[in-house]
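Heads up, the thing below is written out as structure tokens.
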Amino acid sequence: MQKIMIVEDDEVISSTLKRHLEKWNFEVYVVEDFEHVMEVFLDYQPTLVLLDISLPFYNGYHWCQEMRKVSEIPIIFISSTNENMNIVMAMNMGADDFINKPFDLNVITAKIQAMIRRTYSFSKQFHILTYKELILNLLEATVSYHDQVIELTKNELKIMQMLFEKAEAYVSRDELMIELWQSDQFVDDNTLSVNMNRLRKKLDDFGLDSLIQTKKGIGYKLAYDETASLL
């Protein structure tokens, strides 16, 4: 069973989250001792942490930094202080996502499930994605076509994963930016274009020049014509 640790001093929010997540078969622990969060964290060994920013004794940024010293588990901030600088701070401290209050319980559940799936499936058997004759290896960060192997950067891998998971369906720029940088609010839109252009250049060098197609105002998708040679 996946274990969720909630670090939230609003008892109404924490108890509501606990009841809701338990209905989805999560084991949930709500922290009550806000002076010794790390002791609880090390003892409970959660799968994922939901962390508020404004807390007694030390804020969420502090605890996020402390957790990152010993663990790479997913950390999601839940906070009403949703200014861009707070989001940037959270990411710089090592958070994986930021959810604004008030939030929809179904949305936060979906985000938790997606975060756990992305984080923990890599170490299991779900690290290979296929599309036609192409193979994307999430563990090795490579895409293969016949005897060709293309090495990918971290961002290129994330882009390819989203395109493979939605093969032949368009993925919007906003979806890609949220996946790459956890928010589309403070990242220059041109940054995605730079990453996409580098990926396309790398694919072009291997003869995969038309693999990623663009539709203005819609997004990107994989499109591979098996009747045409990619070599």
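Numbers here simply count residues along the sequence, with the first being 1.
Between Arg19 and Glu22 there is no salt bridge, since none of the side-chain N atoms of the basic residue sits less than 4.0 Å from a carboxylate O of the acidic one. Ion pair Lys101/Asp52 flagged as a salt bridge, since at least one NZ, NE, NH1 or NH2 atom sits closer than 4.0 Å to an Asp/Glu carboxylate oxygen. Using a 4.0 Å cut-off between charged side-chain N and carboxylate O, Lys18 and Glu27 make no salt bridge.
In this structure, the side chains of Ser71 and Gln45 stay at 4.5 Å or more apart for every pair of heavy atoms. Side-chain contact between Met196 and Thr214 is absent, with no heavy atoms from C-beta onward closer than 4.5 Å. Between Phe26 and Ile116, some side-chain heavy-atom pair lies under the 4.5 Å cut-off. Side-chain atoms of Asn197 and Lys201, non-hydrogen and from C-beta on, never get closer than 4.5 Å to each other. Under the 4.5 Å side-chain criterion, counting only non-hydrogen atoms from C-beta, Asp9 is not in contact with Val31. Ile159 is not listed as a side-chain neighbour of Leu152, based on a closest heavy-atom distance of 4.5 Å or more.
Other residues, nucleotides and ligands contribute only 12 or fewer heavy atoms inside 6.0 Å of the CZ atom of Arg198. The 12-atom threshold is exceeded at CD of Glu39, counting heavy atoms of other residues, nucleotides or ligands nearer than 6.0 Å. Under a cut-off of 6.0 angstrom, the local environment of CD in Glu32 is sparse, with at most 12 non-hydrogen atoms contributed by other residues, nucleotides or ligands.
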What do the steps show when you test Ser14 against Glu8 for side-chain hydrogen bond (donor to acceptor under 3.5 Å, both in side chains), and what is the final call? CA-CA 6 Å; Ser14 61; Glu8 163 65 67; over 6 Å; no
Tell me, with the steps shown, if Glu66 and Val37 meet side chain to side chain contact (heavy atoms under 4.5 Å, CB included). CA-CA 10 Å; Glu66 292 302 301; Val37 172; over 6 Å; no
Stepwise side chain to side chain contact (heavy atoms under 4.5 Å, CB included) check, Val49 with Phe41: CA-CA 9 Å; Val49 175; Phe41 175 79; 3.8 Å; yes
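When each of Leu208, Leu199, Leu134, Asp205 is paired with Ile150, the side chain to side chain contact (heavy atoms under 4.5 Å, CB included) condition holds for Leu208 and for no other. Tested against Tyr29, the residues Ile4, Val7, Ile6, Val40 include a single side chain to side chain contact (heavy atoms under 4.5 Å, CB included) partner, Val40.
No donor-acceptor pair closer than 3.5 Å links the side chain of Arg173 to the backbone N or O of Gly219. The closest donor-acceptor contact from the side chain of Arg200 to the backbone of Ile212 lies under 3.5 Å. Side-chain atoms of Arg117 never come within 3.5 Å of backbone atoms of Ile112 as a donor-acceptor pair (strictly under, hydrogens ignored). Of the possible polar contacts, none joining the Thr47 side chain to the Gln2 backbone as a donor-acceptor pair under 3.5 Å is found.
Considering OG of Ser172 and CE of Met162, their distance stands at 7.5 Å, rounded to 0.5 Å. In this structure, the separation between CG on Leu50 and NZ on Lys111 is 12.0 Å, given to the nearest 0.5 Å. Between Leu55 atom CG and Phe34 atom CZ the span is 6.0 Å, to the nearest 0.5 Å. The distance from the NZ atom of Lys202 to the CE atom of Met160 is 10.5 Å, given to the nearest 0.5 Å. A distance of 14.0 Å separates CG in Leu163 from NZ in Lys158, rounded to the nearest 0.5 Å. Here CZ of Phe98 is found 10.0 Å from CG of Leu51. Values are rounded to the nearest 0.5 Å.
Here the closest heavy-atom approach between residue Ile76 and residue Leu48 is recorded as CD1-CD1, 4.0 Å.
No hydrogens or angles considered: nothing links the side chains of His62 and Asn59 as a donor-acceptor pair under 3.5 Å.
Under the 30°/60° scheme for interplanar angles, the aromatic rings of Phe164 and Tyr131 are found to stand perpendicular. Aromatic ring pairs are classed by plane angle as parallel below 30°, tilted from 30° to 60° and perpendicular above 60°; the pair His20 and Trp24 is tilted.
Judged as a side-chain contact (heavy atoms from CB on, under 4.5 Å), and not counting sequence neighbours, the contacts of Glu151 are Thr142.
Because its NZ or CZ atom is not both nearer than 6.0 Å to the ring centre of Tyr220 and within 45° of the ring axis, Lys215 does not count as a cation-pi partner of that residue.
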